[in-house]
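Here is the structure we will look at.
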Amino acid sequence: MLRSFHRSRRPTHHVGTLLQRITMTNQKPSAELVEHRSKLRHSAAHVLAEVVLDMFPEAQLTIGPPTQDGFYYDFAVGTPFTPEDLKKIERQMRKSIGRNHPFIEREVSRAEAAEIVKDNRFKLEILEGIPEGETVTFCSHGDFEDLCRGGHVESTGQIKAVKLLTTSGAYWRGDEKNPMLQRIYGTAWESKEAQQEYIDRLAEADRRDHRKLGPQLGLFFFDPLSPASPFYLPKGTHIFNSLVNFVKDLYATYGYQEVMTPLIYNTELWKMSGHYEAYHEHMFTMEVDEREFGVKPMNCPPAMMVYKSDLRSYRDLPIRWADFSRLHRYELSGATHGLIRTRAFTQDDAHIFCTREQIGSEVKGFIDMLVKAYKIFGFDEVRFALSLRPEKRIGSDELWDEAEETLENLLSEFGIEYVRMSGEGAFYGPKIDVFVPDAIGREWQLGTVQLDFNQPDRFGLEYVAEDGSRQRPAMIHRAMLGSIERFMGVWIEHIAGAFPVWIAPVQAVVVPITDRHNDYCHDVGKILGRAGVRIEVDDSSDRMNAKIRKAQLQKVPYMLVVGDREQEAGEVSVRLRSGDDLGSMPIASVESRIAEEVANFK
RNA sequence: GCCUCGGUGGCGCAGUGGCUAGCGCAGCCGACUUGUAAUCGGCAGGUCGGGAGUUCGAAUCUCCCCCGAGGCUCCA
């Protein structure tokens, strides 16, 4: 029951947004700079509030904290802000900053504070939330004053660069039961250059967006008739299958077997597994023959069924069953995002049934496989998090102690640093989640390994132990790439769509300079094609330059240019997509070069 | 689900009450025969997301619906 990567969330807890996902990793800023930026952005939020209040006197102030790369402020206003409003507000903010007012904090008694904010229910609520012992402070600059815990730069003039980005609705306290406020997002920096760098990074993220690259590279598309569900074109299907085959090859080494299970089940199964109560709103259900059926959102209940299809001996354990079934989950329309969060997807899912004693080596084996695999995809840095027991959970504390300790010991044994995330575990057990930063510093959660002592209980799984007694196996849910869709999306952005030679849908394009070279080029195509190279011959009526441009835009690794010289010598001129010209070489050299790269996952 | 912004040929866009709705790319046809990121010319391609309304007249104004994008954790 792998839940971590397509897990159900309340509407207020969606997948990290573009802005939030982007963090600085290239040049790690010093602690002082981080502190300064935080103050700067908090200060910018004050200036924003000042201007908004000036332009919209009826607006009520709520909160305005700094964030990773900027700040926001939530306002209670009658009508939402328009993009034009944003521009005006930004201009006014610059004026206010130009006046270089100092930020002045003053302590205020509780009664006085309550009097000042008496017409603002949000501020009153904040005031009530301040613990008795703490002092209440207000902070002002110019004529503007706001209830504030402090933490500003000295004066508005220190905000050297500021830009308002977007506006959106946001619930008070993030709870959809509360009234909706209007949020303005902005960013602020210590210098114009730092801000420009940030803007450039946003543009770079946009350039790498897999939702744009996918159709451009002929990989996949979406259609409203099957919302949030990818259609794979031949090239995308090639990538998908290659990823699956890559995993299957590893499975051969690591002792996994593969099973295939049905897509649709009678609701009875989902009642047994607990999904019917806990997951029903995320399932596609249908009525057939006056009975209710559900399309599976997870593979674990079928795995239980497979296990129960025969009497199992301790000699059979551990059992590792992979299941690449397509899964369908109903995700809220606002929560879906390209391949990252879909309603139809495939996990490189597997369930391991084993004895308590075997848990350690199984988890270790999985992490070992995962780290090696990630390196191949260019994710050298891997961060681990140990997600511990959530409040709402099942099973005894002893069992949780045991499970958490097992995972924790393994991480230590592996010499792996990790973050403990309390309350983040699955309801049936703790898990180790794997995060990777991509090429432009955004962090993604991909793999996961989860210990489950509960599901085997619900399904009454057993094995016959050495002494003839019936014992309950433990179950490990694990996925390495996570969902193939999600992985593909993340990886495309990581490599900006330039697939390595081993997996590129088209590895080489032969470029005839004039059409009198076409025949020879087709010969080259046949020779390399027979050698296993995925190759195309561009015999269109375009000029050579245009053919090269087309191949470049398709991010084809090799361009083999042929003119009179090459044809006479029986060679090809090799251009790489990096722009490097390797000069003319025999066809056999190209073949061996590509073969070597494929063998080494280059 | 909720807030904001959008939906115009395959794709990217222009067009805010008035002639046959434009442009670029892609596509098709033809000419050119070219040394490492766009050759030239021609042709074809659109119920302006859908529905209803206002109007002599709607891509353009009003209402409803559908779809998409961005946002809805980071608490004075």
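Note on naming: letters A, B, ... go to the chains in the order of the sequence lines (proteins, then strands), and numbering restarts at 1 for each one.
- Interface residues of residues 544-562 of chain A facing RNA chain B, ordered by number: A:Met544, A:Asn545, A:Ala546, A:Ile548, A:Arg549, A:Gln552, A:Leu553, A:Val561; criterion, heavy-atom separation under 4.0 Å.
- Between B:G12 and B:A69, the distance separating the two C1' atoms is 16 Å to the nearest Å.
- Remark: the separation of the P atoms in B:G24 and B:A58 is 29 Å, to the nearest Å.
- A:Thr135 comes within 4.0 angstrom of a base, heavy atoms only.
- Residues meeting the side-chain hydrogen bond (donor to acceptor under 3.5 Å, both in side chains) test with A:Ser578, sequence neighbours left out: A:Asp580.
- Atom CZ of residue A:Phe103 and atom CG of residue A:Asp146 lie 11.0 Å apart, to the nearest 0.5 angstrom.
- At a threshold of 4.0 angstrom between heavy atoms, the contacts of A:Ser541 include nucleobase atoms, whether or not backbone atoms are also involved.
- A:Asp542 has its CG atom 8 Å from the P atom of B:G27, to the nearest Å.
- A donor-acceptor contact under 3.5 Å is formed by the side chain of A:Glu566 with the base of B:G35.
- For the P atoms, the distance from B:U62 to B:A26 is 38 Å, rounded to whole Å.
- If you take NE2 on A:His46 and CZ on A:Phe71, they are separated by 11.5 Å, rounding to the nearest 0.5 Å.
- With hydrogens and angles left out, the side-chain atoms of A:Glu571 and A:Ser584 include a donor and acceptor closer than 3.5 Å.
- In this structure, a donor-acceptor pair under 3.5 Å is present between the side chains of A:Thr514 and A:His517.
- Salt-bridge formation is not detected for the pair A:Arg37/A:Asp69: no Lys NZ or Arg NE/NH1/NH2 atom is positioned less than 4.0 Å from an Asp or Glu carboxylate oxygen.
- In this structure, A:Arg543 places its CZ atom 12 Å from C1' of B:U36, rounding to the nearest Å.
- Position along RNA chain B of the nearest nucleotide to A:Glu134 versus A:Ala170 favours A:Ala170 as the more 5'-ward residue.
- Rounding to whole angstrom units, NZ of residue A:Lys212 and C1' of B:G70 are separated by 12 Å.
- B:C25 and B:A38 are spaced 10 Å apart, taking the C1' atom of each and rounding to whole Å.
- A donor N or O paired with an acceptor N or O is found under 3.5 Å between the base of B:C75 and the side-chain atoms of A:Arg173.
- In summary, A:Arg201 and A:Glu204 do not engage in a salt bridge, as defined by a charged side-chain N under 4.0 Å from a carboxylate O.
- In terms of phosphate contacts, A:Tyr72 brings no side-chain nitrogen or oxygen within less than 4.0 Å of OP1 or OP2 of B:G71.
- Pair assignment for B:C19: none, as no Watson-Crick or G-U wobble contacts are both less than 3.5 Å.
- Note on A:Val117: nothing from the nucleic acid sits closer than 4.0 angstrom, heavy atoms only.
- The side chain of A:His337 lies closest to B:G70 when the candidates are B:G70, B:G35, B:U36.
- Comparing the same atom, C1', in B:A59 and in B:G51 gives a spacing of 16 Å after rounding to whole Å.
- With P as the reference atom, B:C11 and B:G71 are 23 Å apart, rounded to whole Å.
- In this structure, NE2 of A:His42 is placed 11 Å from C1' of B:C75, rounded to the nearest angstrom.
- Residue A:Ile130 is in base contact, counting any heavy-atom pair closer than 4.0 Å across all strands shown.
- Following rounding to the nearest Å, A:Arg211 (CZ) and B:G70 (C1') show an atom-to-atom distance of 9 Å.
- Remark: the separation of the P atoms in B:C40 and B:G35 is 16 Å, to the nearest Å.
- One finds no side-chain N or O of A:Arg183 lying less than 4.0 angstrom from the OP1 or OP2 phosphate oxygen of B:G70.
- One can place CD of A:Glu125 at 11 Å from C1' of B:C75, the figure rounded to the nearest angstrom.
- For B:U20 and B:G15, the C1' atoms lie 16 Å apart once the distance is rounded to whole Å.
- With B:C3, B:G1, B:C75 as the choices, the nucleotide that has an atom nearest any side-chain atom of A:Gln182 turns out to be B:C3.
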Residues 47-64 of chain A side chain polar contacts: donor-acceptor under 3.5 Å, at least two apart:
from, atom 1, to, atom 2, distance (Å)
A:Glu50, OE1, A:Ser96, OG, 2.7
A:Glu50, OE1, A:His141, NE2, 2.6
A:Glu50, OE2, A:Ser96, OG, 3.4
A:Gln60, NE2, A:Asp119, O, 2.7
A:Thr62, OG1, A:Asp74, O, 2.4

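- In this structure, of B:C74, B:G1, B:U33, it is B:G1 that holds the atom nearest to the side chain of A:Tyr330.
- If you check the side chains of A:Tyr232 and A:Glu485, you find a donor sitting under 3.5 Å from an acceptor.
- Counting only N and O atoms by type, the side chains of A:Trp172 and A:Glu125 include a donor and acceptor under 3.5 Å apart.
- Remark: B:C2 base-pairs with B:G71; criterion is Watson-Crick or G-U wobble with both hydrogen-bond distances under 3.5 Å.
- Atom pair A:Gln216:CD and B:C25:P shows a separation of 17 Å (rounding to whole Å applied).
- Remark: B:C61 base-pairs with B:G53; criterion is Watson-Crick or G-U wobble with both hydrogen-bond distances under 3.5 Å.
- If you measure from atom OH of A:Tyr73 to atom C1' of B:C75, you get 12 Å, rounded to the nearest angstrom.
- Shown here, B:C28 forms a base pair with B:G42; the pair counts as Watson-Crick or G-U wobble because both key distances fall under 3.5 Å.
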